[in-house]
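Working notes, structure below.
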Protein chains: 2
Amino acid sequence: MEWNITPGRPVYLQLIEQLELAIVTGAMPAGARVPPVRELAAEAGVTPNTMQRALQELENRGLLKAQRTAGRTVSAGTEQLDTLRRQRAEALAQEFWKQMQALGVSTEETAALLRAAAEKENV
Amino acid sequence: MEWNITPGRPVYLQLIEQLELAIVTGAMPAGARVPPVRELAAEAGVTPNTMQRALQELENRGLLKAQRTAGRTVSAGTEQLDTLRRQRAEALAQEFWKQMQALGVSTEETAALLRAAAEKENV
DNA sequence: ATTATTGTATTAGACACTTAATACAACAAT
DNA sequence: ATTGTTGTATTAAGTGTCTAATACAATAAT
């Protein structure tokens, strides 16, 4: 798994986001075993403590399940993950729209900017 | 000016964002005088120190200009503000598109979600 | 010239985040 | 039964953010 930790925001929050993304997109499918805390921490370049904090938060949200020496697994079902993915997409769209409104960008221009962003991706 | 400071992210960064938004959208037009640090701080419910930090950062970016007892003014020109507004909109679109891609949401569905967000705004 | 306003700087303390280093607890594997 | 793996907890220290209180510096207004 690839990690992208940037300064300026709490690391454990970034870990949570990226882990959740990996889960809802199927990179870590339902039922799959999650690598050990120490391994994930080494990968991400953080302390086991910090990674532990992120994992526990995801466990609180019902996405992961720790079983002592048997390691962690993705406890959420496929349906639940799909719902989460949808919710996340809706929230992103909502937020994006809100910000464009705040900037005073029209509906048409917003659409145009999105098309431009899509084109730009083809690099 | 209305402030919306939420915990979890550095306050001075939120101040910078909201001040910059007010500037590029014309709420604080080019050449306008900016209220004193102490006043802005009281409005936003933060310490003058924190507000000062945000204002100085905006000064570093060339948006504001401090003139001792004459107070601060918006030093950026209208054209510059327009450019900034455009850049910000483009960056937002780019980022939104990137995140939808990461979530595996199709182009059509992205458009649909955006329409839904636009409708929802009519409350 | 004096005064009030405004920007700026300094010091101290509280708090959250993060690292580092260990140690402990549970249990699968052998 | 022993061993190794894994999750969990603890303590200490460093760093950045934020508040609080205060003082200083420059200058517009009078």
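Residue numbering restarts at 1 for every chain, and letters A, B, ... go by the order of the sequence lines. None of the values given here were measured: they were computed from a predicted structure.
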Do side-chain atoms of Gln14(B) reach the backbone of Thr6(B) as a donor and acceptor pair under 3.5 angstrom? yes

Look at Thr69(B) and dT27(D) and indicate whether a side-chain polar atom (N or O) is within less than 4.0 Å of OP1 or OP2. no

Any side-chain to backbone donor/acceptor pair from Ser75(A) onto Gly62(A)? Under 3.5 Å, distance only. yes

Hey, does the side chain of Arg88(A) reach the backbone of Glu20(A) with a donor-acceptor pair shorter than 3.5 angstrom? no

Round to a whole Å and report the spacing from CG of Leu15(A) to P of dC17(C). 13 Å

Compare side-chain N and O positions of Thr50(B) against OP1 and OP2 of dT19(D) and report whether any pair is under 4.0 Å apart. yes

Does any donor-acceptor pair link the side chain of Asn49(B) with the base of dT10(C) at a separation under 3.5 Å? yes

Those residues of residues 31-46 of chain B lying under 4.0 Å from DNA chain C by at least one heavy atom: Arg33(B), Pro36(B), Val37(B), Arg38(B)

N or O in side chain of Arg72(B) less than 4.0 angstrom from dT6(C) OP1/OP2: no

Give a yes or no on whether the backbone of Pro36(B) and the side-chain of Arg72(B) come within a donor-acceptor separation of less than 3.5 Å. no

Want to settle it: does Pro10(A) or Ala70(A) sit nearer the 5' end of DNA chain C, counting the closest nucleotide to each? Pro10(A)

d(CZ, Arg53(A); P, dA9(D)) in whole Å: 14 Å

Under 3.5 Å, is there an N or O donor on one side and an acceptor on the other linking the side chain of Arg68(B) and the base of dA28(D)? no

Donor-acceptor pair, Thr50(A) side chain versus Val46(A) backbone, under 3.5 Å? no

Residue-phosphate contact under 4.0 Å: Gln56(A) side-chain N/O, dA9(D) OP1/OP2: yes

With DNA chain C as reference, determine whether Gln67(A) or Leu13(A) sits nearer its 5' end, using the nearest nucleotide of each. Leu13(A)

Start with the C-alpha distance between Arg86(A) and Glu90(A), add both sets of side-chain angles, then the distance that settles salt bridge (charged side-chain N to carboxylate O under 4.0 Å, His left out), and finish with yes or no. CA-CA 6 Å; Arg86(A) 171 123 215 137; Glu90(A) 286 177 2; 3.5 Å; yes

Residue Ala66(B), side-chain atoms from C-beta onward, closest of dT8(C), dA9(D), dT17(D): dT8(C)

Expected output: side-chain Arg9(A) to main-chain Pro10(B) donor-acceptor under 3.5 Å: no

Given dA20(C), is OP1 or OP2 found less than 4.0 Å from the side-chain N or O atoms of Gln52(A)? no

Whole angstrom value for the distance that separates C1' of dT8(D) from CG of Asn60(A): 14 Å

